Amino acid sequence: DLRDNHPQQRKSGQWVKETRDNFSVTVIKNEDFDPIKICEQLTEKGVVLWLIDGLQRSTTIENYKAGRFKLGRNINPSHIEYQEAVKDEEGNITYQNVSYDLRGKAYKDLPEKLKEDFDNCPVDVVKHLDCTDEEVGRHITRYNSGQAMNPAQKIVAYMCNVAKHVKRLANHSFFNDCANYSEKKDLNGDIDKTVSEIVMGMNFFDLWKSKDAKKMGKFLNENATENMFDKVENYLDDLLEIVTPDIGSKLFDTKNAVITFMLYDRFKELGFNREVFGEFLSNYKTFKDVKVEVKREYKIKKGSDEKTNVLSFAEINDCNSTKDKGIMEDKLHILETVMNEFLLIKNENINKEVESNENLKEVDVLEFVKENVKPDADLSDIEEYEDMFERLTLEVDNSSKLMDERNRPSMLAIVGYAYENYIDLDEWI
């Protein structure tokens, strides 16, 4: 009945193996442990019971019984004493003391008596009734004050309004498949923090807050919209198709992800398709060493006081304080400069191709019309058919196959045939 996936709660698996194993021994021995805490929320879909403290305890119990791990050797006690019922020769029940070595044992290995003790271990519950989102978030924060959350985990603890969107994006396959985020980074909340920083950087970079996770979490909770997260999700879908793990580990790690997403946001404003951005990223080994003039001066040689404001992305990437707003501005400026130079060259090549093929396209259409519609057609006829086609398709959705450039010769031939034979195409179009 309990939901253990509240978006403001950190994930299970926070305990090290020794803590996990010793807690399992506690359950086998039926010893007391802290109650689990539940927040009740009354929603339109019914009562929801959130497990907000005790996730590590409950999942450890579930995982041990399911056979997902065995007890290690660093457990205390390593042997357990219990009484076992036996029958004597006359059939009378007597009890004898048994010592059992727990080390290396899975649940299925336990004697029936210890399995029964494990299954019957009481779990005390504290329940907070009829909680608001804000109250749930406060309880999560105060219950986790004993074992402090790391900065990455703190962000979503203050995001009762938008935490679900952060979690949705943090589960996107891009982070594992393309950016090489490890399971430990996911467990530590690093992907949650990266998603939050991306939204902050793309929408509120003038108010950039990174050193205080609490402030960033509260700010995004009050100011970030669902559309902002949807935009990031669209970018993740795009980048999943074009980013290789090699590039992803360099430009989309926790240090640079927010900068590269801001770069892609500016790239999209220029109107190029995502494949072009993929081509640009594939040239990383070349453009990372291109030197660009930036606003600030940096030491690029250890042990030297010499500074410069002309340096490459690779050089500035080795600087400390990588989330300092000034350094981020300079890194973004370098990337944007080299990207724009790449796009300029790319655009010039595209224009040359278009220019060289323009007359060829006209000839192709003309020849097609001559062959199929009007043997004595000339370019003035093609222009006439073009005008009619444009008028007929004013209300046609651009996604229609009628508007596909590859169908252009056929469509002009149809329009030409109708024109020459006085056929009305309005209803058909």
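Source: prediction; values computed, not measured. No hydrogens, no waters, no symmetry mates; every other heavy atom, side chains included, goes into these values.
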Donor-acceptor side-chain pairing of [X] and [Y] below 3.5 angstrom:
X	Y	result
Thr244	Asp246	no
Tyr107	Asp119	yes
Asn256	Lys250	no
Asp21	Tyr64	no
Gln41	Asp133	yes

With sequence neighbours excluded, tell me which residues meet side-chain contact (heavy atoms from CB on, under 4.5 Å) with Lys285.
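side-chain contact (heavy atoms from CB on, under 4.5 Å) check on Lys285 returns nothing, list empty.
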
Got [X] and [Y] here, is their nearest side-chain heavy-atom distance under 4.5 Å?
X	Y	result
Val136	Cys39	yes
Phe342	Glu279	yes
Arg296	Asn309	no
Glu40	Val48	no
Thr308	Glu297	no
Lys325	Phe205	yes
Met202	Lys231	yes
Glu367	Asn372	no

Could you list the residues that satisfy ring pair (Phe, Tyr, Trp, His ring centres under 6.0 Å) with Tyr264, not counting sequence neighbours?
Tyr235, Phe267, Phe277

Go through the structure and list residues passing ring pair (Phe, Tyr, Trp, His ring centres under 6.0 Å) with Phe23, not counting sequence neighbours.
Trp15, Phe33

Nearest heavy-atom neighbours spanning [X] and [Y]:
X	Y	result
Phe175	Ala170	CD1-O, 4.0 Å
Asn221	Cys160	OD1-N, 3.1 Å
Ile334	Leu311	CD1-O, 3.7 Å
Leu2	Ile36	CD1-CD1, 4.1 Å
Ile259	Leu335	CG2-CD1, 3.9 Å
Ile242	Gly278	CD1-N, 3.8 Å

Are more than 12 heavy atoms, taken from residues, nucleotides or ligands other than [X], located less than 6.0 Å from that residue's [atom1] atom?
X	atom1	result
Tyr419	OH	no
Tyr417	OH	no
Glu183	CD	no
Glu306	CD	no
Lys164	NZ	no
Glu371	CD	no
Lys218	NZ	no

Parallel under 30°, tilted from 30 to 60°, perpendicular over 60°: which one fits the rings of Phe287 and Phe280?
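Judged by the thresholds at 30° and 60°, the geometry between Phe287 and Phe280 is parallel.
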
Donor-acceptor pair, [X] side chain versus [Y] backbone, under 3.5 Å?
X	Y	answer
Thr194	Thr254	no
Asp265	Phe261	no
His165	Met228	no
Asn421	Ile423	no
Asn180	Asp177	no
Asp186	Ser182	no
Asp109	Ala106	yes
Arg68	Thr60	no

[X] and [Y] ion-paired at < 4.0 Å:
X	Y	answer
Lys370	Asp376	no
Lys215	Glu222	no
Arg168	Asp230	yes
Glu336	Arg266	yes
Asp238	Lys268	yes
Lys323	Glu197	yes

Start with the C-alpha gap between Asp330 and Lys295, add the side-chain angles, then the distance that decides, and say whether salt bridge (charged side-chain N to carboxylate O under 4.0 Å, His left out) holds.
CA-CA 7 Å; Asp330 287 340; Lys295 291 182 179 179; over 6 Å; no

Let me see the working for Phe252 and Tyr181 under ring-ring contact (aromatic ring centres under 6.0 Å, His included), right down to the final yes or no.
CA-CA 9 Å; Phe252 292 92; Tyr181 281 72; 9.4 Å; no

Are Lys307 and Tyr298 in a cation-pi contact, defined as NZ or CZ under 6.0 Å from the six-membered ring centre and within 45° of the axis?
no

Just to verify, what does Lys291 make a side-chain hydrogen bond (donor to acceptor under 3.5 Å, both in side chains) with, not counting sequence neighbours?
Glu315

Does the pair Val290 and Ser312 meet the rule for a side chain to side chain contact (heavy atoms under 4.5 Å, CB included), with working shown?
CA-CA 5 Å; Val290 175; Ser312 67; 5.8 Å; no

dist Met339:CE -> Leu281:CG (nearest 0.5 Å) comes out at 10.0 Å

How far apart are the C-alpha atoms of His333 and Val292, what are their side-chain angles, what is the distance that settles it, and do they pass the side chain to side chain contact (heavy atoms under 4.5 Å, CB included) test?
CA-CA 8 Å; His333 173 69; Val292 176; 3.8 Å; yes

Dump the intermediate steps for side-chain hydrogen bond (donor to acceptor under 3.5 Å, both in side chains) on Lys331 and Asn317, then the final yes or no.
CA-CA 8 Å; Lys331 291 174 77 172; Asn317 199 41; 2.7 Å; yes

I need the full list of salt bridge (Lys or Arg N to Asp or Glu O under 4.0 Å) pairs touching residues 420-429, with sequence neighbours left out, sorted by first then second residue.
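For residues 420-429: Lys374-Glu420, Arg391-Asp426.
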
Could you walk me through whether Asp381 and Val373 pass the side chain to side chain contact (heavy atoms under 4.5 Å, CB included) check?
CA-CA 11 Å; Asp381 293 308; Val373 179; over 6 Å; no

N/O donor to acceptor pairs below 3.5 angstrom from side-chain atoms of residues 120-132, sequence neighbours left out:
residue : atom : partner : partner atom : Å
Asn120  : ND2  : Glu116  : O            : 3.2
His128  : NE2  : Tyr143  : OH           : 2.8
Thr132  : OG1  : Glu135  : N            : 3.2

